[in-house]
2 protein chains.
Amino acid sequence: MTTRWLTSKEQRAWRAYIAATHLLEDAIDRQLQQDAGMPHLYYSILANLSDAPEHRLRMTDLAERTKITRSRLTYAVTRLEKDGLLRRENCRWDKRGSVAALTEEGMATLERTAPGHVATVRASLFDQLTEEQVDQLEEICTGIARALESDDARPAPDEVPWRRRSSPSCP
Amino acid sequence: MTTRWLTSKEQRAWRAYIAATHLLEDAIDRQLQQDAGMPHLYYSILANLSDAPEHRLRMTDLAERTKITRSRLTYAVTRLEKDGLLRRENCRWDKRGSVAALTEEGMATLERTAPGHVATVRASLFDQLTEEQVDQLEEICTGIARALESDDARPAPDEVPWRRRSSPSCP
DNA sequence: TAGGTTTGTTTCAAACTTGAACCAAGCCCG
DNA sequence: CGGGCTTGGTTCAAGTTTGAAACAAACCTA
């Protein structure tokens, strides 16, 4: 089958997408590194914990929410633990598991740095968009994420493996 | 001034954005690593060169187009040069400068791997979007990029330094 | 035209990411 | 029970990214 290249409209969109995502990720990383001493991902990990019941989550759940690999998470959590911002506990219901728990200090760091982070996200993203564009962005991103998570991902036009995880952190 | 937190609509959009961009970047990196033995950024570098007149660009231009730092580019170009996919030449008009030039082999690699790459971009992104959404995405991303490039970036509500670069690669 | 600043690029060490391999602990079924 | 498969996490080496510092050529400007 002969390749269906991108139309010029698609090319423009793709280029704009690449530029925007690189620039945005850079801006946010820079700001957080500056003000919180950590990159965006690490901040997200703390933020996810602070949203969770009891400020704690299983490693796998955390990886799932932040959309990163387990090994990347392990490294990040080790660093954050060293910094005293979270603590590793072992899961009571599954002896294999470990749980990351936000510490007081982690919570404090989050509270101290959240305003600056939000301000950056606003200035870089939401201040540039109309209300409708915010809706559109959500719609678009949700669609992309759905596709990639369900492995509609592959160009290959064939069967869907359909393995999904379950296992909550507290049964 | 008291922080203006994200509305729940904005939060949803932001989370969706993070998820989509992570998943998409991962999917594309995985595919290219698999089929071309290099991550997306490296492919982009080659692609940008192939688009340029004479298949060559100044380092700074290349960094500008790919939206990455000069030092990151230096590393990437060194690797690609080692692989024989491009060559470094020194700029004839500016003795400080160096120029990256796509080799035959680089061009061949690009030609060989482009179809797979396009297929992945399509499957992961464009196949999920309506025509209007493609327009919306372009619009949104262009806005974000414009803001971040002109340093409307900063949350700080003050003066704009306004330093812009010029200097084309071939005067 | 000398001296100071700016611009283009590289270098270096420290931090981070990747993917494959590994180790347990749970799970399943004869 | 007793293997064998799956799942949750970590480890390790190789590769990549970061940011600050170093260099060198180019560009002022008095």
Side-chain angles (χ1 to χ4, degrees), chain A residues 22 25-34 36-45 57-83 88-100 161 163-171, chain B residues 22 25-34 37-45 57-64 66-83 88-100 161 163-171:
Chain A
H22 278 196
E25 201 37 15
D26 273 17
I28 291 183
D29 267 340
R30 219 173 5 264
Q31 183 267 323
L32 279 173
Q33 192 65 58
Q34 186 89 167
M38 66 182 92
H40 186 200
L41 174 62
Y42 291 58
Y43 180 92
S44 301
I45 289 173
L57 282 173
R58 289 284 297 260
M59 292 298 274
T60 299
D61 287 341
L62 205 40
E64 178 79 15
R65 295 188 194 212
T66 47
K67 313 298 182 208
I68 62 172
T69 60
R70 260 100 107 275
S71 90
R72 192 178 177 186
L73 180 61
T74 294
Y75 180 88
V77 163
T78 302
R79 196 263 231 198
L80 291 170
E81 188 172 27
K82 228 167 256 160
D83 293 351
R88 248 189 265 248
E89 300 173 350
N90 26 18
C91 180
R92 264 188 290 166
W93 303 279
D94 183 343
K95 279 183 202 139
R96 292 168 303 181
S98 60
V99 174
R163 52 198 136 69
R164 284 291 64 203
R165 65 185 72 271
S166 47
S167 77
S169 41
C170 310
Chain B
H22 278 198
E25 199 40 12
D26 273 16
I28 291 183
D29 268 339
R30 218 173 8 261
Q31 184 268 322
L32 279 173
Q33 191 66 58
Q34 185 88 166
M38 65 183 90
H40 186 200
L41 173 63
Y42 292 58
Y43 180 93
S44 299
I45 290 172
L57 282 173
R58 288 286 295 263
M59 293 298 274
T60 298
D61 287 341
L62 204 40
E64 178 80 14
T66 47
K67 313 299 182 204
I68 62 173
T69 60
R70 259 108 94 233
S71 88
R72 192 178 178 186
L73 181 62
T74 295
Y75 180 89
V77 164
T78 304
R79 195 261 235 198
L80 291 170
E81 187 171 31
K82 227 165 258 163
D83 293 350
R88 247 189 267 248
E89 300 172 350
N90 27 17
C91 180
R92 262 188 292 167
W93 302 279
D94 183 344
K95 279 183 204 141
R96 293 169 301 180
S98 63
V99 173
R163 51 198 137 68
R164 284 292 64 202
R165 67 184 72 271
S166 47
S167 76
S169 41
C170 310

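Numbered from 1 within each chain, the chains take letters A, B, ... in sequence-line order. Just so it is clear, the structure is predicted and the values come from calculations on it, not from any experiment.
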Self-check item: Atom-to-atom span, CG of B:L62 to P of C:dT10 - whole angstrom
Solution: 11 Å
Practice problem: Figure out the CG/C1' separation between A:D61 and D:dG9, and round it to whole Å. | Solution: 13 Å
Quiz item: CG of A:L32 versus P of C:dA15: gap in Å, rounded?
Solution: 18 Å
Practice problem: Mind calculating the distance between CZ (B:R92) and P (D:dA26) to the nearest angstrom? | Solution: 15 Å
Self-check item: Distance test, side-chain N/O of A:S98 to OP1/OP2 of D:dG8, below 4.0 Å
Solution: no
Quiz item: Can you check the A:E25 CD to C:dC16 P distance for me, whole Å?
Solution: 14 Å
Exercise. Using atom NE2 of A:H40 as one end and atom C1' of C:dA15 as the other, report the distance to the nearest whole Å.
Key: 18 Å
Quiz prompt | Test side chain to side chain contact (heavy atoms under 4.5 Å, CB included) applied to B:H40 - qualifying residues, sequence neighbours left out | solution = A:W14, A:I18, B:E25, B:I28, B:D29, B:L32, B:S44, B:H117
Quiz item: Just how far, in rounded Å, is P of D:dG8 from CZ of A:R88?
Solution: 16 Å
Self-check item: Set of residues satisfying side chain to side chain contact (heavy atoms under 4.5 Å, CB included) with respect to B:S71, sequence neighbours excluded
Solution: B:T69
Quiz prompt | A:D26: side chain to side chain contact (heavy atoms under 4.5 Å, CB included) partners, not counting sequence neighbours | solution = A:R30
Quiz item: Given axes from five pairs at either end, by how many degrees does the helix from C:dT1-D:dA30 to C:dG30-D:dC1 bend, rounded to 10°?
Solution: 20°
Self-check item: Partner residues of A:R88 under the side-chain hydrogen bond (donor to acceptor under 3.5 Å, both in side chains) criterion, sequence neighbours left out
Solution: A:T78, A:E81
Quiz item: Expressed in angstrom and rounded to an integer, what is the separation of A:E81 atom CD from D:dG9 atom P?
Solution: 14 Å
Practice problem: Check side chain to side chain contact (heavy atoms under 4.5 Å, CB included) between B:R79 and all other residues, then give those that pass, not counting sequence neighbours. | Solution: B:M38, B:P39, B:Y42, B:D83
Quiz item: Below 4.0 angstrom from OP1 or OP2 of D:dT16, is there any side-chain N or O of B:R79?
Solution: yes
Quiz prompt | Contacts of B:E89 that satisfy side-chain hydrogen bond (donor to acceptor under 3.5 Å, both in side chains) - sequence neighbours left out | solution = B:R56
Exercise. May I ask you to test the A:R72-A:L41 pair for a side-chain heavy-atom distance under 4.5 Å?
Key: yes
Quiz item: Which atoms form the tightest heavy-atom contact between B:L62 and B:T66, and what is the distance?
Solution: O-OG1, 2.6 Å
Quiz item: With sequence neighbours excluded, what pairs up with B:R96 under the side-chain hydrogen bond (donor to acceptor under 3.5 Å, both in side chains) test?
Solution: B:D94
So which protein N/O to nucleotides 17-25 of chain D N/O distances come out below 3.5 Å?
residue	atom	partner	partner atom	Å
D:dT17	OP1	B:R72	NE	3.4
D:dT17	OP1	B:R72	NH2	2.9
D:dT17	OP2	B:Y42	OH	3.2
D:dG19	O6	B:S71	OG	3.2

